[in-house]
Each structure stands twice: as structure tokens, then as C-alpha cells.
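Every chain is numbered from 1, with letters handed out A, B, ... down the list of sequences. For clarity, every value in this text was computed on a predicted model and none was experimentally measured.
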Protein chains: 2
Amino acid sequence: MITQAGAPGTATGAMESQDLKKAGLKATLPRLKILNILEKSRLRHMSAEDVYKALMETGEDVGLATVYRVLTQFESAGLVRRHHFEGGHSVFELDHGKHHDHILCIKCGRVDEFMDETIEERQRVIARKAGYDMTDHSLYIYGICTDCQKKEKGRGR
Amino acid sequence: MITQAGAPGTATGAMESQDLKKAGLKATLPRLKILNILEKSRLRHMSAEDVYKALMETGEDVGLATVYRVLTQFESAGLVRRHHFEGGHSVFELDHGKHHDHILCIKCGRVDEFMDETIEERQRVIARKAGYDMTDHSLYIYGICTDCQKKEKGRGR
DNA sequence: ATGGTAATGAGAAGGGTTCGCATTGTATTT
DNA sequence: AAATACAATGCGAACCCTTCTCATTACCAT
Ligand SMILES: [Mn+2]
Ligand SMILES: [Mn+2]
Ligand SMILES: [Zn+2]
Ligand SMILES: [Zn+2]
């Protein structure tokens, strides 16, 4: 099967198309564009608004409602993970399969990732003891990153 | 100093008044009523809406905006802790000084508490390694509680 | 009891997210 | 390649929780 080379609206890569179909989703232009943003953007964790802005900047014309819908679909399909960072609004990242938790700077918003098997195991034990069938967990460590610590000292104090 | 016994608007206990002043807050009727709800309610963790409804049920007349304001003030004063349970909206509980984390049922909303020094320590280590000056952390374990597990089995499946 | 100032109540406004529906696009069948 | 059937999109309205605005009221030191 051959598609017109350079046909309008075929700007995004072709491989992603398969990813979407494998996930049981129709390979529509908005979905391809959003997937592309998530893959190419320098930010690993993006809010719907972030994705929307990135789309606008590249001249793409996708509605904000669609961004929300698609991200939720991606989540259901297991392509994306949703996090609730402080502040209430959702943040998304491509799901590469490796579970991890987050540590974030309350000054600049920087986000780092970590995985600690000791903590993971303790959580399982705690859930079992409490009689729960654990389905998920979320752990966020908040603090001030190295850079922001320096800045604080710089500004006297 | 003597106050009129049974004077209108003096229904709540008198001791709480001291707590508020110690916290640097004027002892107003709305604040006393809200503090009272938090102490007497069978729910340890309440949303602003929960508090507001409890107030209404006891015939008290406090605005929802005031509930939000007061809860935030209580938080700043260290009287109350705010949590962000799944779903985005804030939940409050009286701060009794002992730090703990939460494990909650995704079916019925039940909330249990726990504290694990191993996890606490690992977090400190992780933050240090990442170069962060840790200020806080939040850990939620999600799962299905004992009761809800039974119900699931009962309903076939 | 009086006055000065902080707190309250009611409703409007705000921010993030979801909905409703007419229009458009995709996958599939001729 | 053209037609078809139905899912997906875009837009604005609607939602929900929370905060803000501001006229009115209540606290508390005098
Ligand atoms: Mn991550
Ligand atoms: Mn608690
Ligand atoms: Zn920082
Ligand atoms: Zn339950």
C-alpha cells in the first residue's frame, strides 16, 4: 500500500500511525500531531495547555478540547501516564513502561524522576497489612533544586 | 471577665477560642464553628464542601467562601493539613502533629493512614542524591479495601 | 459603649476541564 | 477511485472547585 508522498496533512512521521492503530485508535491527524509533540518536545512532562501551545507554535490547528480528549484517550490506551502535580491540573508524559516517581522543585518547577525498589516494596507490604488490594500509588517529593538553592544564597539570606 | 450564659452565637465551646488566639487568629464565630466541625465530625478528612454541608445541617449560617478562606488560614496557622486526593479537590484534616501518609479505596473512598520510617528515610536519601533540599512530600497508595473486595466477589465475577 | 480594623457573606469571576452538536475526516466497502 | 458509515474534531457553552470583590458586620482594645 502506497500513500501519496508529501501529500498535504501527511507532515508527521508514518510510524506513529501504527502505534495508534495498535492501541486501538484511529490514526487521525490531531492524534498524530499530539503524539509527535509528546515525543519531540524538550519537556518530558506536559500539561494539556503545554501541548496546545506547542501545537499553536508549530502552526498546527487543533482545538484545546481535542487535546484534552486525545490525552485522556492516550491514557486509557496506555500510551501516556497522567500525573497530578501540585496545583491540581494534570500533567502527561509518554509511558515508556518503566514506572518511576517524581521529585520536583517548588521554585522553578523542575522535575526529576527516580525509582526506589525499597519504597516500592514497603508500599506493597503496607497495602497488604491494611487489607487493601493495591492498584496504584503516587509519590511526589517536593523541595528546592540545586540551582534554586544557589539563587537563594545569591540574593542575600 | 464574664460572658452572658447562653448568649446567642456562643454555642460553641470556649476552649477553642484560645487555640485560635494562640494561632494568631481572631476568635470569630465562623472560625469557631468550623474548628468545631473538624473536631467533632466522624470524618477525619473533609473537603470544604463537606465542612460547609455539616455547617448547614446544624443550622449554622456560614458562607462557602468563608469556609474556604478559613480552612486556608487554618492551614497557614498549622492547625490543619491540606491534602490533594485523587480528583483534584482539596481535603483537610486537623493537624495533630504526627506526620502520616494515606492509603485510600478507589471504590468507596475510605481513607486509612500509615507511617513508615523506612520510606521516610529513603525519601530523604533520594532528595539528597538529587541535590534537592526537601521541603515536603506526598504519598498516596490507591487500592480496593477489604469490604469492597468482598462486595466484588459477591456480585459474581 | 465606641471606634478602628479585620472578617464575613453573597455573588461574580477565574482556571482547568468536559460537554453538546454541527461539521469533517478516516477506514472500509463498493 | 468513489461512495458510505460512523468516529473524531472544533467551537463555544457549561461545569466544578476555588478565589476575588466589596458592601456590611463583628471582634476586641479602648
Ligand atoms: Mn515522569
Ligand atoms: Mn490523615
Ligand atoms: Zn528549582
Ligand atoms: Zn472500599
Check your understanding: If you walk 5' to 3' along DNA chain C, what is the first nucleotide with an atom under 4.0 Å of a heavy atom in chain B, and what is the last?
Key ->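 Listed 5' to 3', the contact boundaries are dA6(C) to dG11(C).
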Check your understanding: Is the distance between the ring centroids of His102(A) and His83(A) under 6.0 Å?
Key ->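 That pair passes the under 6.0 Å test.
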Exercise for review: Report the residues that fulfil salt bridge (Lys or Arg N to Asp or Glu O under 4.0 Å) with Lys53(A), sequence neighbours left out, ordered by chain and then residue number.
Suggested key: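 So Lys53(A) forms no salt bridge (Lys or Arg N to Asp or Glu O under 4.0 Å) with any residue.
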Practice item. Not counting sequence neighbours, which residues clear salt bridge (Lys or Arg N to Asp or Glu O under 4.0 Å) with Asp19(B)? List them please. Key: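 Applying salt bridge (Lys or Arg N to Asp or Glu O under 4.0 Å) to Asp19(B) gives none.
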Review point. Can you check whether Ser47(A)'s main-chain N or O pairs, donor with acceptor, with Asp50(A)'s side chain at less than 3.5 Å?
Key: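 Yes; at least one donor-acceptor contact below 3.5 Å.
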Review point. Are any non-hydrogen side-chain atoms of Tyr52(B) and Ile34(B) less than 4.5 angstrom apart?
Key: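 Answer no - side chains too far apart.
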Please list all pairs passing the salt bridge (Lys or Arg N to Asp or Glu O under 4.0 Å) test where one or both residues lie in [range], with sequence neighbours left out.
| range | value |
| --- | --- |
| residues 75-90 of chain B | Glu75(B)-Arg82(B) |
| residues 119-128 of chain B | Asp116(A)-Arg122(B), Glu117(B)-Arg124(B), Glu121(B)-Arg124(B) |
| residues 129-144 of chain B | none |

Exercise for review: Under 4.5 Å between side-chain heavy atoms, chaining through other members, with only Ile, Leu, Val, Met, Phe, Trp and Tyr counted: pull out the rest of the cluster around Ile103(B), sorted by chain and number.
Suggested key: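 Cluster partners of Ile103(B): Ile103(A), Phe114(A), Ile119(A), Ile126(A), Tyr132(A), Met134(A), Leu139(A), Ile141(A), Phe114(B), Ile119(B), Ile126(B), Tyr132(B), Met134(B), Leu139(B), Ile141(B).
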**Study point:** Connected-component partners of Val91(A) among ILVMFWY, side-chain separation under 4.5 Å
**Key:**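 In the cluster with Val91(A) are Phe85(A), Leu104(A), Ile106(A), Val111(A), Tyr140(A), Tyr142(A), Ile144(A).
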Review point. At under 4.0 Å between heavy atoms, what does Ser47(A) touch on the DNA or RNA strands: base, sugar-phosphate, or nothing?
Key: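 Touches nothing.
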Check your understanding: Between Val91(B) and Leu25(B), which is nearer to the 5' end of DNA chain D once each is assigned its nearest nucleotide?
Key ->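 By nearest-heavy-atom nucleotide position, the 5'-most residue is Val91(B).
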Practice item. Give me the first and last nucleotide of DNA chain D, going 5' to 3', that has any atom under 4.0 Å from a heavy atom of chain A. Key: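 Footprint of chain A along DNA chain D, 5' to 3': dA7(D) to dG12(D).
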Point to revise | Shortest non-hydrogen contact between Gln149(A) and Gly131(B), atoms and distance | key: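 Looks like NE2-O, 3.0 Å.
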Review point. Are a donor atom and an acceptor atom from the side chains of Thr66(A) and Arg69(A) found within less than 3.5 Å of each other?
Key: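 The answer is yes; a qualifying pair exists.
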Exercise for review: Identify, with sequence neighbours excluded, every residue that meets ring pair (Phe, Tyr, Trp, His ring centres under 6.0 Å) alongside His137(A).
Suggested key: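 Listed in chain order: His99(A).
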Point to revise | DNA chain C contacts made by residues 65-84 of chain A, counting heavy atoms under 4.0 Å | key: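 Hits under 4.0 Å, by residue number: Ala65(A), Tyr68(A), Arg69(A).
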Point to revise | the helix from dA1(C)-dT30(D) to dT30(C)-dA1(D): angle between end helix axes, five pairs per end, rounded to 10 degrees | key: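 Helix axis angle between the two ends: 30°.
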